[in-house]
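Structure first, commentary second.
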Amino acid sequence: MGINVFRFFDALPGMVWTMQEDGQVDFANRSWVEFTGLRPASGQAWRWEDAVHPADVGAVTVHLQNLRHAETEGTSEARLRNAAGEFHHFLIQWAPLEDATHGVVNWCAVATDIEPVVQKRERSQAALDFQLVVDSIPIPVAVTTPTGEVEGLNQLTLSYFGLTSRI
């Protein structure tokens, strides 16, 4: 029983594409096409960079060049544009595709949406930054909800009341 390779890649939950050494995409699975709106069969040549946030292209390009030089796999993070023009954070895994003589003939990429993880990381960093600002205030500070429930205290407040927990 043979498996159709294209149907196999279309069934994968991540976005998969292959590209030539010059970066031109020659295959993309259904997840990639549905997310980005870009498809290799559209008659127009396009490169993987066409879906990457302009601020991320440089770093990813350098990383990919290093992987190409070493002919090894690697991982990078980048924001990819969806068909509506919005960007999501992705973890991209790159791997060389070799021919029978072990020469690299193509590159394969698998992208996994990590937007929820990045959003959580950014919220945690914002909370930490806020806490640092509140702790720098030279008077006791309590942050409360509109109903008066304590959400946080600065270090001076904790010290004043002999507390060790931030609530």
Side-chain angles (χ1 to χ4, degrees), residues 3-97 104 106-136 143-147 149-152 154 165-167:
I3 296 176
N4 180 306
V5 162
F6 296 107
R7 289 184 68 198
F8 171 78
F9 284 111
D10 281 344
L12 293 174
M15 298 187 328
V16 177
W17 70 96
T18 60
M19 63 183 185
Q20 300 167 12
E21 281 293 320
D22 67 358
Q24 185 172 328
V25 174
D26 49 17
F27 169 80
N29 73 344
R30 183 179 62 220
S31 294
W32 170 272
V33 172
E34 288 174 356
F35 183 83
T36 67
L38 299 171
R39 65 181 69 239
S42 65
Q44 253 185 315
W46 55 275
R47 300 166 54 87
W48 64 270
E49 298 100 320
D50 294 342
V52 177
H53 192 286
D56 297 343
V57 169
V60 175
T61 299
V62 169
H63 181 70
L64 187 53
Q65 287 171 345
N66 290 337
L67 296 176
R68 284 178 175 157
H69 179 72
E71 295 186 351
T72 189
E73 59 189 42
T75 304
S76 54
E77 264 189 51
R79 291 167 287 177
L80 300 179
R81 184 181 55 249
N82 67 16
E86 301 162 335
F87 288 93
H88 287 236
H89 290 84
F90 280 83
L91 182 69
I92 305 171
Q93 297 168 285
W94 308 94
L97 298 173
V104 175
N106 228 341
W107 282 82
C108 180
V110 177
T112 304
D113 191 345
I114 59 169
E115 187 67 23
V117 174
V118 170
Q119 292 296 325
K120 183 177 180 181
R121 182 173 64 199
E122 289 174 354
R123 284 192 304 273
S124 295
Q125 184 60 48
L128 178 60
D129 292 346
F130 177 77
Q131 190 63 51
L132 289 171
V133 168
V134 171
D135 282 344
S136 70
V143 179
T144 63
T145 66
T147 61
E149 186 178 333
V150 176
E151 286 190 328
N154 72 347
S165 172
R166 293 205 181 269
I167 308 262

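Residue numbers count from 1 along this sequence.
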field: Pairs flagged by ring-ring contact (aromatic ring centres under 6.0 Å, His included) wherever residues 69-91 is involved - sequence neighbours left out
entry: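 Qualifying pairs: F35-H88, F35-F90, H53-F87.
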Distance from [X] atom [atom1] to [Y] atom [atom2], nearest 0.5 Å?
X    : Y    : atom1 : atom2 : result
T144 : E149 : OG1   : CD    : 9.5 Å
L80  : D50  : CG    : CG    : 11.5 Å
R68  : H63  : CZ    : NE2   : 11.5 Å
T36  : M15  : OG1   : CE    : 6.5 Å
T18  : D26  : OG1   : CG    : 3.5 Å
L132 : N154 : CG    : CG    : 12.0 Å

query: Of all residues at least two apart in sequence or in a different chain, which pass the side-chain contact (heavy atoms from CB on, under 4.5 Å) check with L12?
result: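 So L12 forms a side-chain contact (heavy atoms from CB on, under 4.5 Å) with F8, F9, V16, N29.
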side-chain contact (heavy atoms from CB on, under 4.5 Å) partners for Q119, two or more places apart: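 side-chain contact (heavy atoms from CB on, under 4.5 Å) list for Q119, sorted by chain: E115, E122, R123.
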message: Parallel, tilted or perpendicular, judged at 30° and 60°: which one describes the rings of W32 and W17?
response: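 Tilted, since the angle between the ring planes falls between 30° and 60°.
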task: Return the set of residues passing ring-ring contact (aromatic ring centres under 6.0 Å, His included) with F6 (not counting sequence neighbours), or none when no residue passes.
output: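 If we apply the ring-ring contact (aromatic ring centres under 6.0 Å, His included) test to F6, skipping adjacent residues, the hits are F27.
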message: Within the 4.5 Å heavy-atom criterion, are L64 and W48 side-chain neighbours or not?
response: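 Of all side-chain heavy-atom pairs linking W48 with L64, at least one is under 4.5 Å.
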message: Suppose the criterion is salt bridge (Lys or Arg N to Asp or Glu O under 4.0 Å): which pairs have a residue in residues 6-18, not counting sequence neighbours?
response: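 Sorted result for residues 6-18: empty, none.
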- prompt: Which pairs with one or both residues in residues 52-62 pass salt bridge (Lys or Arg N to Asp or Glu O under 4.0 Å), sequence neighbours excluded?
  reply: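 Checked against salt bridge (Lys or Arg N to Asp or Glu O under 4.0 Å) - neighbours excluded - the pairs reaching residues 52-62 are D56-R79.
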